[in-house]
Amino acid sequence: MRKFGEILLDAGLIEEAELKKALSLQRKSSLKIGQILVKKGLISEDDALKALSQQYEIEYIEKLEPSGIEALVEKVPLKFVQKYRVAPYYVKDREIKIALSDPSLLHPLDEFRLLFIGYDVIPVLTRESEILRIIHNVYEAKSRAEDSSIEMGDGLEILDDIQDLQDSSELANQAPIIKLVNMVLSNAVNEKASDIHFEPHENKFTIRFRIDGILHEMMSPPKSIQNGVISRVKIMANLNIAENRLPQDGRIRVRFGGNDIDIRVSSLPTQHGERLVLRLLNRTTAKYDLANIGFEKQTYEQFVSMINEPNGIILITGPTGSGKTTTLYAALVRLNSPERNIITVEDPIEYQIEGIGQVQARSKIGFTFAEGLRSILRQDPDVIMVGEIRDEETARIAIQSSLTGHLVFSTLHTNDAPSAITRLLDMGIEPFLVTSTCRGIMAQRLVRRLCSHCKKTRTITIKELTALGLTYLERKTKAKTKGKKAPPKPASEKIQIFESGGCKECMHTGFRGRMGVYEFMPLTSKIREMVLARASLDDIKNVAIDEGLITLRNAALRQVVNGTTSLDEALRIT
């Protein structure tokens with residue numbers, strides 16, 4: 001049998017000096033030579049496995065495709081495959097293929113041969129993360145099929161069980177760790193959290209939920225189980241648990257209480273361990289209706305009129321997490337009909353909408369928004385949605401698409417609606433192209449709704465609200481004369497608004513749920529003239545306000561007057 005180091009040297013993967021240094025380190029540790037070389041970044045895990053494949057003359061497979069192994073689950077104990085990191089993954093006729101990551105372990109193969117006498121047991125080499133994926137998808141899928149809800153447990157009971165595992169180095173598939181992760185996911189769904197943060201620090205490990213846009217610390221499990229919890233989530237998301245030096249992205253699909261939940265998983269290496277952020281998307285309760293996402297009557301009528309145009313560009317602006325995707329999906333659902341061909345290019349596809357062609361952009365392989373948009377134009381679309389305009393190339397293709405008779409929706413990251421114009425000009429788009437294609441721009445934010453169980457009243461004067469930017473107050477009047485205008489309210493008059501309280505229904509935050517506030521700016525003839533003249537942003541905004549633009553601040557303060565949110569919350573988001 002050839003030596004492992006010789007194979008790497010012959011392949012030109014390492015230098016002889018590097019091998020000697022690794023051999024010197026091996027004598028001082030319990031690690032194998034391949035593990036040392038991988039940890040030092042001299043070779044990849046795949047390089048090490050391919051060398052082992054040559055050394056032991058065992059086939060190496062990068063991606064396993066399970067087939068026909070469901071019947072073996074009853075015969076092969078879960079604890080056995082977890083302990084030795086082996087898994088049967090292929091059965092056909094009298095042949096069983098066993099995946100393993102360490103070919104020097106002969107005992108597990110002998111056990112399989114004794115267990116399946118008469119079968120040809122063939123070892124196959126693969127990454128440990130692939131084996132754990134098979135264990136998760138096959139063994140645990142069976143238990144999930146028997147019980148549609150993921151097994152939960154009492155939080156204190158789980159943490160008590162975890163205390164016994166603190167000295168263990170193989171935690172990811174231990175029952176208490178599995179229960180803890182399941183409990184965190186279940187609690188996040190029940191609390192309607194949008195994100196879960198697993199955050200490693202120097203001396204502690206924290207789990208936080210983002211609820212209604214605000215992060216709340218939920219628990220701090222023992223620091224010693226940090227790697228086990230992180231590995232468990234990575235296994236569920238089909239990520240490589242052996243790779244902790246590079247960011248990774250994955251996806252989990254689970255079912256809680258009859259709801260199908262899509263979870264996007266993002267890992268990021270930090271100084272004190274891998275940080276995970278999970279974005280929760282409830283596919284079951286996702287409903288998109290323009291009439292129910294918080295539009296005021298005036299803005300709603302303007303926006304609906306705009307999306308019924310046969311061509312042009314409609315832009316939605318705002319920071320990450322401001323509800324832009326929800327608004328775009330609601331507009332597409334409104335337009336969705338058998339007579340229209342609607343195609344989107346997104347990164348990522350958050351929800352699947354029946355009747356709409358949705359394309360996933362993949363920048364890592366060169367399939368960018370611009371490339372996706374070019375391909376979409378060859379599919380005879382009527383309506384196009386581009387997830388985001390990030391550069392001049394995408395902007396130009398979108399503009400050309402609208403000029404050739406398509407209705408285009410997209411997003412930009414700007415603070416308000418007028419800023420989107422200057423953003424396009426800064427990208428290098430000519431003013432005449434902006435004015436000839438852009439129908440309207442809408443900026444938006446999400447504001448927290450006051451909890452109906454605990455909100456408290458307070459009073460404020462018209463003068464104070466006006467000083468904060470409110471330029472409109474709906475007058476409750478008993479005037480019966482048709483068309484009669486109510487007299488203006490005196491500045492000293494006080495009105496009743498509400499502020500947050502705190503109760504168990506809202507986790508003592510005073511808020512429950514969110515709604516959108518919108519700033520919609522159609523490109524009127526006067527604004528188009530100012531864009532062509534390259535007027536300043538402030539001048540464009542002032543003209544838009546004179547023409548009836550309801551600013552984000554004004555829209556939020558209207559919700560304060562309506563009793564939907566608090567004054568502090570309106571000022572926070574605008």
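Because the structure is a prediction, the values reported are computed rather than measured.
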- Message: Using 0.5 Å steps for rounding, measure from the OG atom of S44 to the CG atom of L37.
- Response: 11.0 Å

- L239 to D249 - nearest heavy-atom pair and separation: CD2-O, 3.2 Å

- Message: What I'd like to find out is whether the side chain of V359 reaches to under 4.5 Å of the side chain of E346, using heavy atoms alone.
- Response: no

- Evaluate salt bridge (charged side-chain N to carboxylate O under 4.0 Å, His left out) for R558 paired with E296, printing each intermediate quantity in order. CA-CA 10 Å; R558 289 190 187 198; E296 289 192 21; 2.6 Å; yes

- Where do I497 and V561 come nearest, in terms of heavy atoms and distance? CG2-CA, 4.5 Å

- Message: Between E519 (side chain only) and L552 (backbone N and O only), is there a donor and an acceptor less than 3.5 Å apart?
- Response: yes

- Query: So do L100 and V124 actually touch side chain to side chain, heavy atoms under 4.5 Å?
  - Reply: no

- Message: Is the shortest side-chain heavy-atom distance between M385 and I376 below 4.5 Å?
- Response: no

- Search all heavy atoms of L281 against all heavy atoms of R264 and return the closest pair with its distance. CD1-NH1, 3.6 Å

- Message: By the salt bridge (Lys or Arg N to Asp or Glu O under 4.0 Å) test, which pairs, at least two apart or in different chains, include something from residues 565-574?
- Response: R448-E569, E569-R572

- What closest approach, in Å, do I573 and A556 show between heavy atoms, and which atom pair accounts for it? CD1-CB, 4.3 Å

- Task: Look only at the side chain of Q248 and the backbone of E243, and say whether a donor-acceptor pair between them is shorter than 3.5 Å.
- Result: yes

- Distance (rounded to the nearest 0.5 Å) between S566 OG and L450 CG: 5.5 Å

- Distance from M442 atom CE to I316 atom CD1, nearest 0.5 Å? 4.0 Å

- Task: Using ring-ring contact (aromatic ring centres under 6.0 Å, His included) as the criterion, list what pairs up with Y329, not counting sequence neighbours.
- Result: Y288

- Are L215 and H197 close enough, and set up right, to give a side chain to side chain contact (heavy atoms under 4.5 Å, CB included), and what steps lead you there? CA-CA 9 Å; L215 280 169; H197 291 237; 3.6 Å; yes

- For V447, which of V560, T565, T564 qualifies under side-chain contact (heavy atoms from CB on, under 4.5 Å)? T565

- Nearest heavy atoms of T411 and G387, plus distance in Å: OG1-O, 2.6 Å

- Of D262, L280, I261, which meets side-chain contact (heavy atoms from CB on, under 4.5 Å) against V254? I261

- Query: Can you tell me if T327 uses its side chain to pair, donor with acceptor, with the backbone of G323 under 3.5 Å?
  - Reply: yes

- Is P200 close to Q271 at the side-chain level, that is, under 4.5 Å between some pair of heavy atoms? no

- Item | Check: Q358 side chain, I353 main-chain N or O, donor-acceptor pair, under 3.5 Å | yes

- Message: I'd like to know if R208 pairs up with E217 as an ion pair, taking the criterion as any Lys NZ or Arg NE/NH1/NH2 lying under 4.0 Å from an Asp or Glu carboxylate oxygen.
- Response: no

- Begin from the C-alpha positions of N187 and F209 and carry the test side chain to side chain contact (heavy atoms under 4.5 Å, CB included) through to its verdict. CA-CA 9 Å; N187 289 346; F209 291 175; 4.0 Å; yes

- Item | Inter-residue atom distance I241.CD1 - S267.OG, 0.5 Å rounding | 12.5 Å

- Is there a donor-acceptor pair under 3.5 Å between the side chain of K50 and the backbone N or O of E45? no

- Message: The criterion is side chain to side chain contact (heavy atoms under 4.5 Å, CB included); which residues satisfy it with T126, sequence neighbours excluded?
- Response: L64, A99, E130, I131

- Item | Side-chain touch V38/I43, heavy atoms, less than 4.5 angstrom | yes

- Before giving the answer on side chain to side chain contact (heavy atoms under 4.5 Å, CB included), spell out for D212 and R449 the whole-Å C-alpha distance, their side-chain angles and the decisive distance to 0.1 Å. CA-CA 9 Å; D212 296 335; R449 293 178 182 268; over 6 Å; no

- Verify side chain to side chain contact (heavy atoms under 4.5 Å, CB included) between M515 and I293, making sure each step is shown before the conclusion. CA-CA 6 Å; M515 64 176 293; I293 60 174; over 6 Å; no

- Query: Would Q226 and K223 count as a side chain to side chain donor-acceptor pair (under 3.5 Å) if you check the C-alpha gap in whole Å, the side-chain angles of each, and the deciding distance to 0.1 Å?
  - Reply: CA-CA 5 Å; Q226 170 185 305; K223 174 74 174 176; 2.6 Å; yes

- Stepwise side chain to side chain donor-acceptor pair (under 3.5 Å) test for S104 and D102: CA-CA 5 Å; S104 65; D102 185 352; 2.6 Å; yes

- Item | Side chain proximity check, F295 to L290, heavy atoms < 4.5 angstrom | yes

- Query: Any Lys/Arg nitrogen of E505 or R512 sitting under 4.0 Å from an Asp/Glu carboxylate oxygen of the other?
  - Reply: no

- Distance col, row L328:CG vs S410:OG, nearest 0.5 angstrom, shows 7.5 Å

- Task: Check whether any side-chain heavy atom of F409 sits under 4.5 Å from a side-chain heavy atom of V386, and report yes or no.
- Result: no

- Expected output: side-chain N182 to main-chain K179 donor-acceptor under 3.5 Å: no

- Message: When you measure from the side chain of Q360 to the backbone of I349, do you find a donor-acceptor pair of N or O atoms at a distance under 3.5 Å?
- Response: yes

- Which residues satisfy the side chain to side chain contact (heavy atoms under 4.5 Å, CB included) test with Q26, sequence neighbours excluded? L23, I33, I36

- Note on the structure: Scanning both residues in full, the closest heavy-atom pair of P103 with L52 reads CD-CD1, 4.1 Å

- Item | Pairing residues for F520 by the ring-ring contact (aromatic ring centres under 6.0 Å, His included) criterion, not counting sequence neighbours | F303

- V229 versus L180: any side-chain heavy-atom pair under 4.5 Å? yes

- Message: Could you work out, with side chain to side chain contact (heavy atoms under 4.5 Å, CB included) as the rule, every residue matching A370, not counting sequence neighbours?
- Response: T368, R374, E393, T394, I397

- Keeping the roles fixed (side chain from K324, backbone from G318), state whether a donor-acceptor pair exists under 3.5 Å. yes

- Query: Would the number of heavy atoms belonging to other residues, nucleotides or ligands and lying under 6.0 Å from CG of D347 be above 12?
  - Reply: yes

- Query: Are the side chain of T574 and the backbone N or O of A570 linked by a donor-acceptor pair below 3.5 Å?
  - Reply: yes

- Message: To the nearest 0.5 Å, what is the distance between CG on L412 and CD1 on I389?
- Response: 5.0 Å

- Message: Quick one: does any side-chain atom of K204 pair with a main-chain N or O of S220 as donor and acceptor, under 3.5 Å?
- Response: no

